[in-house]
There are 2 protein chains.
Amino acid sequence: MPSGKDMPRSNCPIACALDLLGDRWTLVVLRDVLLGQRRTFSEIAADEGIATNTLTDRLERLIEAGVLERRRDPRDGRSRRYVPTESGLELIPVLIELMVWGNKYMSRTVPAELLARAVGDRDALLAELVERARDSDD
Amino acid sequence: MPSGKDMPRSNCPIACALDLLGDRWTLVVLRDVLLGQRRTFSEIAADEGIATNTLTDRLERLIEAGVLERRRDPRDGRSRRYVPTESGLELIPVLIELMVWGNKYMSRTVPAELLARAVGDRDALLAELVERARDSDD
DNA sequence: TAAATCACTTGTATTTTGCAAGCTAACCAG
DNA sequence: CTGGTTAGCTTGCAAAATACAAGTGATTTA
């Protein structure tokens with residue numbers, strides 16, 4: 001009970017990563033930000049049926065973990081933009097692997113072109129996605 | 001209420017994959033089976049502090065999803081071995097990417113050799129891990 | 001200035017998870 | 001073959017996480 005945050009359950013990097021990412025919503029939120037160019041609260045909330053209090057909580061945790069940053073939108077004072085940091089961008093490979101696996105075994109709705117590149121042209125696709133995700137940082 | 005299991009929240013492959021994998025324990029269990037050669041209930045239960053009822057539930061879900069199979073141990077009738085299927089083996093890349101990211105940003109306990117290969121020699125490491133995971137299938 | 005929008009907050013109900021204990025079948029030692 | 005031990009669960013209950021619905025305050029737009 002001492003520290004403000006819970007202790008990691010172990011020092012295995014997979015288990016530690018899952019302390020942050022291992023729930024039903026966090027990686028869906030990051031998918032929106034990193035692959036979907038959805039960066040405002042309402043854009044993310046609209047996409048799948050995440051409850052707004054859960055979304056608030058996930059965004060705060062990701063900010064505290066240094067994976068996202070929150071910025072005001074200069075064009076609309078009500079709006080905030082959630083943008084990836086460097087460590088956030090480096091979660092793109094995790095999402096790509098999940099996408100490839102999920103497409104093969106759970107669903108088949110990835111555009112064929114994207115999927116083909118994820119498998120056959122992985123490095124170039126990653127570079128492109130990182131660029132695209134980084135560009136809209138403002 | 002038609003199907004025995006809940007409907008997927010969407011047909012996005014990432015969201016669908018997370019319907020199965022997106023919780024605190026499922027990927028830790030798969031880490032034990034796929035990377036750690038831990039294949040019995042008690043080996044997996046001992047490793048981190050997972051509750052036994054949760055472990056039972058996760059193993060059942062993974063079997064139902066076709067990611068693991070349960071087999072009796074011919075040497076000990078009490079014991080069961082949880083072994084990966086083909087689709088289970090193909091989750092190794094997801095675990096590797098999580099490990100690389102977790103090591104960089106959340107923890108630093110991966111053996112340097114393994115980590116170096118995960119980054120610089122990815123394809124050969126994957127092939128080797130798949131082989132090793134497959135070998136002990138019996 | 002009134003209505004709409006955005007990003008939350010606040011209850012409350014439901015679901016999931018953790019913890020401790022017990023239970024059954026299979027093995028093992030004497 | 002008997003008694004103790006081990007493996008793999010199951011059960012009951014408490015605690016935590018999540019969903020759902022409604023409301024709030026600060027903008028912005030009409």
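Here is how names work: the chains are called A, B, and so on, in the same order as the sequence lines, proteins then strands, and each is numbered from 1.
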In whole angstroms, the gap separating C1' of dC9(D) from CG of Asp57(B) amounts to 13 Å
Atom CG of Asp76(A) and atom C1' of dT29(D) are separated, to the nearest Å, by 10 Å
Taken to the nearest whole Å, CG/Leu55(B) to P/dT10(D) is 11 Å
Note: for Leu59(A) and Arg24(A) on DNA chain C, the residue whose nearest nucleotide lies more 5' is Leu59(A)
When rounded to whole Å, the CZ to P distance for the pair Arg81(B) and dA7(D) reads 15 Å
Result for 5'-nearest mapping on DNA chain D, choosing between Trp25(A) and Arg80(B), is Arg80(B)
### Message
When you measure from the side-chain N and O atoms of Tyr82(A) to the phosphate of dC6(C), is any distance below 4.0 Å, counting only OP1 and OP2?
### Response
no
Rounded to whole Å, the CZ-C1' distance (Arg58(B) to dT10(D)) equals 16 Å
### Query
Looking at Arg78(B) and Asp76(B), does any basic side-chain N land under 4.0 Å from a carboxylate oxygen?
yes
Result for 5'-nearest mapping on DNA chain D, choosing between Asp73(A) and Ser79(B), is Ser79(B)
Practice prompt. Kindly say whether, by distance alone, the side chain of Thr54(B) makes a donor-acceptor pair under 3.5 Å with the base of dT16(C)?
Written response: no
Out of dC9(D), dT10(C), dC19(C), minimum distance to the side chain of Asn53(A) belongs to dT10(C)
Exactly one candidate in Leu59(A), Asp57(A), Asn53(A) meets side-chain contact (heavy atoms from CB on, under 4.5 Å) with Leu55(A); the answer is Leu59(A)
Under a 4.0 Å heavy-atom cutoff, the residues of residues 40-47 of chain A touching DNA chain C are Thr40(A), Phe41(A), Ser42(A)
| query | Is the shortest side-chain N to carboxylate O distance from Asp19(A) to Arg24(B) below 4.0 Å? | reply | yes
When rounded to whole Å, the CZ to P distance for the pair Arg61(A) and dA16(D) reads 15 Å
Whole-Å distance, Arg70(A) CZ to dA7(C) C1', equals 9 Å
_Using modelled atom types and a 3.5 Å cut-off, is there a donor and acceptor pairing between side-chain atoms of Arg72(B) and backbone atoms of Gly77(B)?_
yes
Winner on side-chain proximity to Asp23(A), out of dT18(D), dC9(D), dC8(C), is dT18(D)
Given 3.5 Å as the limit, does a donor-acceptor pair link the side chain of Trp101(A) with the main chain of Ile92(B), or not? no
Quick one: do Glu131(B) and Arg134(B) make a salt bridge, cutoff under 4.0 Å? yes
| query | Salt bridge between Glu97(B) and Arg122(B), side-chain N to carboxylate O under 4.0 Å? | reply | yes
Side-chain donor/acceptor contact of Arg78(A) with base of dT28(D) under 3.5 Å: no
Leu68(B) CG to dG8(D) P, in whole Å, measures 14 Å
